[in-house]
Amino acid sequence: LYGQYDAGDLDVIFVKRGNGDTRGVVAWEERLVWVGRPGARLAEQPVVPLVLYPPPSITRVHAIETLERAGRAWRVACTSGSLAGLRAATVAGLGVTAHSARLIPPGLAEAEPAEALPRLGSIEFVVVGGQSHEAAARALAASILSGAGRLLPAGSPTSRRGRPAG
């Protein structure tokens, strides 16, 4: 979506914020955790097997960069373009994946032992664009930002609605 926006094909995008990108207004921040099949203990392996979306996934880049900063060896065990595919591969025990802490899919749990992997931190969801002269683009951006809070639990610490990114 970033490429289409940068090429002028889209007026507004609602996306995960790319590392180092300061554009947009933060709708919310989502804490990420490593998840895997309960009891699999894949985090202890010398080379961490990863289940990831294909490039250019923001979560993929975030997971790999986190492991590299921590000096952990890793390999891609499975790639899927769908959440269902990632879940199936992770439930089967092929590897661990980075996922929202509050939306862990059924059949998965935080990777064990948690201290064996570096903390992933969080990802920002941002609205980029909507400053154009087009009333529809401005209205869409405002609607996304004003409604983002309904997607989060009441009083969620991840809510940063309407704050500029960065």
Side-chain angles (χ1 to χ4, degrees), residues 1-3 13-128 144-145 147-161 163-166:
L1 292 177
Y2 277 105
I13 55 175
F14 178 55
V15 291
K16 292 177 184 175
R17 183 173 167 241
N19 191 17
D21 196 333
T22 59
R23 296 177 289 175
V25 177
V26 177
W28 77 78
E29 199 171 306
E30 193 71 43
R31 185 173 70 88
L32 298 178
V33 294
W34 297 104
V35 299
R37 184 174 72 194
R41 302 188 68 82
L42 296 171
E44 295 176 316
Q45 293 188 5
V47 178
V48 180
L50 298 175
V51 176
L52 301 168
Y53 284 110
S57 162
I58 300 292
T59 304
R60 176 192 178 99
V61 170
H62 188 81
I64 291 170
E65 287 179 351
T66 298
L67 289 170
E68 289 183 347
R69 277 192 306 274
R72 288 296 309 270
W74 57 272
R75 68 179 177 84
V76 176
C78 181
T79 301
S80 176
S82 73
L83 178 57
L86 294 179
R87 180 185 174 277
T90 308
V91 167
L94 296 181
V96 296
T97 193
H99 203 279
S100 163
R102 67 184 182 89
L103 299 172
I104 297 174
L108 298 176
E110 284 196 49
E112 299 172 6
E115 64 275 3
L117 292 171
R119 291 185 183 268
L120 282 163
S122 59
I123 294 268
E124 293 176 324
F125 284 79
V126 296
V127 175
V128 179
I144 292 169
L145 289 168
R150 291 187 297 232
L151 299 174
L152 301 172
S156 173
T158 58
S159 179
R160 293 182 47 192
R161 229 176 39 235
R163 292 171 35 192

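The basis for the numbers below is simple: all heavy atoms, side chains too, and nothing from hydrogens, waters or symmetry mates.
With hydrogens and angles disregarded, no donor-acceptor distance shorter than 3.5 Å links the side chain of Thr79 to the backbone of Pro54. The backbone N or O of Leu120 sits less than 3.5 Å from a side-chain atom of His62, completing a donor-acceptor pair. Judged by distance alone, the side chain of Arg17 and the main-chain N or O of Asp21 form a donor-acceptor pair under 3.5 Å. In this structure, Arg72 contributes its side chain and Ala116 its backbone to a donor-acceptor pair below 3.5 Å. Counting only distance, with no hydrogens or angles, the side chain of Arg102 and the backbone of Arg31 share no donor-acceptor pair below 3.5 Å. Using modelled atom types, one side-chain atom of Arg37 and one backbone atom of Ala92 make a donor-acceptor pair closer than 3.5 Å.
For the side-chain contact (heavy atoms from CB on, under 4.5 Å) with Thr90, the lone residue among Val51, Leu50, Leu42 that qualifies is Val51.
Considering every non-hydrogen atom in both Ser80 and Gly85, the closest pair reads OG-CA, 3.3 Å. Here the shortest heavy-atom pairing between Ile104 and Val33 reads CD1-CG2, 4.1 Å. The two residues Ala109 and Pro38 come nearest to each other via the heavy atoms CB-CG, 4.0 Å. The minimum heavy-atom distance linking Leu1 with Phe14 is given by the pair CD1-O, 4.4 Å. Residues Cys78 and Ala89 approach most closely at SG-CB, 3.6 Å, considering heavy atoms. Taking all atoms of both residues into account, the shortest heavy-atom contact from Leu94 to Pro49 is O-CB, 3.5 Å.
Counting heavy atoms from C-beta outward, Trp34 and Leu67 have side chains that approach closer than 4.5 Å. With contacts defined as side-chain heavy-atom distances shorter than 4.5 Å, the pair Leu117/Glu110 does not qualify. Looking at Arg87 and Pro106, their side chains come closer than 4.5 Å, going by heavy atoms from C-beta outward.
To the nearest 0.5 Å, the span separating CD1 on Ile123 from CH2 on Trp28 amounts to 12.5 Å. In this structure, CZ in Phe125 is found 10.0 Å from CD1 in Ile58, a value given to the nearest 0.5 Å. The distance from atom OH of Tyr2 to atom CD1 of Ile13, rounded to the nearest 0.5 Å, is 5.5 Å. Taking CD1 from Ile64 and CG from Leu52, the interatomic distance works out to 5.5 Å, rounded to the nearest 0.5 Å. Of the inter-residue distances, the one linking Lys16 atom NZ with Leu32 atom CG reads 7.0 Å to the nearest 0.5 angstrom.
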Practice item. Quick one: do Leu83 and His99 satisfy side-chain contact (heavy atoms from CB on, under 4.5 Å)? Show the steps, please. Key: CA-CA 10 Å; Leu83 178 57; His99 203 279; 3.7 Å; yes
